[in-house]
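For reference, the structure discussed in these notes is given below.
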Amino acid sequence: EAQVTQNPRYLITVTGKKLTVTCSQNMNHEYMSWYRQDPGLGLRQIYYSMNVEVTDKGDVPEGYKVSRKEKRNFPLILESPSPNQTSLYFCASSLSSLAATYEQYFGPGTRLTVT
Amino acid sequence: AQKITQTQPGMFVQEKEAVTLDCTYDTSDPSYGLFWYKQPSSGEMIFLIYQGSYDQQNATEGRYSLNFQKARKSANLVISASQLGDSAMYFCADFKAGGTSYGKLTFGQGTILTVHP
């Protein structure tokens with residue numbers, strides 16, 4: 001089944017403890033992206049990747065890191081999480097970054113709480 | 001910078017009636033794509049419809065149509081014959097298809113649609 005998977009789905013952690021949220025897609029998509037969703041703010045893009053080894057900042061990259069070493073995986077790293085990073089996180093992918101035509105396929109979301 | 005504005009935090013519609021959800025965008029790029037997504041209470045994001053900046057005709061997908069007014073920079077979603085299952089949060093989004101920050105996707109704040117029986 002074509003899908004985007006994220007792990008973990010739920011995570012409660014403490015301030016300063018490094019964590020990684022994994023994202024994987026099995027559709028051979030070029031484009032991958034991370035978003036956070038907060039009430040009243042919609043979805044905000046954190047980082048995106050047009051292809052392997054190519055990443056760019058979105059609107060809210062502070063406090064996050066990403067890497068794209070292989071096409072299928074795009075992990076999100078929080079080196080030192082803080083309470084203001086408590087949010088619902090979505091990973092998404094789309095077929096190609098060469099045109100705006102392709103819709104994003106979203107993962108199921110990761111609900112992160114930082115205490 | 002791209003900006004998407006959805007001015008209606010919440011909308012109500014009677015079942016079987018049509019409803020329009022507003023979306024305005026602010027981009028100076030000639031090439032972009034506009035998307036609408038639905039997020040039911042279960043949380044998943046569902047793609048509904050796409051409109052390219054160079055498309056001459058308004059996009060349609062079943063009961064969904066996009067009223068694209070390029071000069072006014074608006075991309076309103078029209079849902080015809082509303083169903084109870086249409087109750088959800090709806091997001092408008094703009095994909096930057098040229099220039100610096102090529103590939104950046106900006107979402108609006110969302111509109112919660114409630115369909116009454």
Side-chain angles (χ1 to χ4, degrees), chain A residues 2-6 9-10 23 27 29-52 54-61 66 68 74 87-112, chain B residues 1-10 21 23 25 27 29-55 59 61 64 66 75 89-112:
Chain A
Q3 60 184 348
V4 178
T5 55
Q6 295 178 229
R9 294 288 313 279
Y10 302 91
C23 174
M27 297 168 279
H29 283 176
E30 286 185 350
Y31 183 98
M32 296 187 75
S33 183
W34 276 102
Y35 306 89
R36 60 177 289 174
Q37 182 176 8
D38 302 288
L41 298 177
L43 278 81
R44 293 178 292 168
Q45 193 174 43
I46 303 171
Y47 272 95
Y48 61 99
S49 170
M50 304 281 269
N51 214 325
V52 176
V54 180
T55 62
D56 280 292
K57 294 178 181 179
D59 286 318
V60 288
V66 293
R68 186 97 182 268
F74 191 46
S87 187
L88 177 60
Y89 291 85
F90 285 101
C91 179
S93 71
S94 67
L95 179 60
S96 172
S97 52
L98 294 180
T101 320
Y102 303 103
E103 75 267 28
Q104 305 268 303
Y105 289 77
F106 283 81
T110 294
R111 187 163 292 281
L112 172 66
Chain B
Q2 294 159 280
K3 186 177 179 185
I4 294 278
T5 303
Q6 295 180 251
T7 57
Q8 306 153 315
L21 306 184
C23 172
Y25 58 95
T27 178
D29 295 311
S31 184
Y32 52 90
L34 297 160
F35 296 84
W36 278 91
Y37 290 88
K38 172 184 177 181
Q39 187 180 42
S41 57
S42 50
E44 73 266 32
M45 295 288 289
I46 302 166
F47 165 73
L48 295 178
I49 196 166
Y50 161 82
Q51 179 85 41
S53 57
Y54 295 115
D55 294 342
E61 290 283 352
Y64 305 107
L66 200 153
M89 175 81 88
Y90 289 81
F91 291 102
C92 179
D94 169 25
F95 181 94
K96 200 171 190 297
T100 57
S101 301
Y102 182 178
K104 192 159 172 285
L105 189 63
T106 302
F107 281 80
Q109 310 94 311
T111 296
I112 298 175

- Note on the structure: Heavy atoms of A:Gln45 and A:Ser33 approach each other most closely as NE2-OG, 2.8 Å
- Message: Counting heavy-atom pairs closer than 4.5 Å to chain A, which one of B:Glu44, B:Gln109, B:Met45 comes out on top?
- Response: B:Met45
- Message: At a 4.5 Å cut-off on heavy atoms, which part of A:Tyr35 comes close to chain B: side chain, backbone, both, or neither?
- Response: side chain
- If you look only at pairs with a residue in residues 29-40 of chain B, which of them pass as a salt bridge (charged side-chain N to carboxylate O under 4.0 Å, His left out), with sequence neighbours excluded? B:Asp29-B:Lys96
- Query: Do A:Tyr31 and B:Phe95 have ring centres separated by under 6.0 Å?
  - Reply: yes
- Query: Non-hydrogen atoms of chain B under 4.5 Å away: do they reach the side chain of A:Leu43, the backbone, both or neither?
  - Reply: both
- Sort A:Gln37 into side chain, backbone, both or neither according to what part of it lies under 4.5 angstrom from a heavy atom of chain B. side chain
- Message: Please give me the minimum heavy-atom distance between A:Gln6 and A:Tyr89, naming the atom from each residue.
- Response: NE2-O, 3.1 Å
- If you count heavy-atom pairs under 4.5 Å between each of B:Pro9, B:Gly108, B:Gly110 and chain A, which one has the most? B:Gly108
- Answer with side chain, backbone, both or neither: which region of B:Gln6 has an atom nearer than 4.5 Å to a non-hydrogen atom of chain A? neither
- Query: In Å and rounded to the nearest 0.5 Å, what is the OH to SG distance from A:Tyr105 to A:Cys91?
  - Reply: 14.5 Å
- Item | Shortest non-hydrogen contact between A:Val52 and A:Arg68, atoms and distance | CG1-O, 3.5 Å
- Let me know if B:Ser42 has heavy atoms under 4.5 Å from chain A in its side chain, its backbone, both or neither. neither
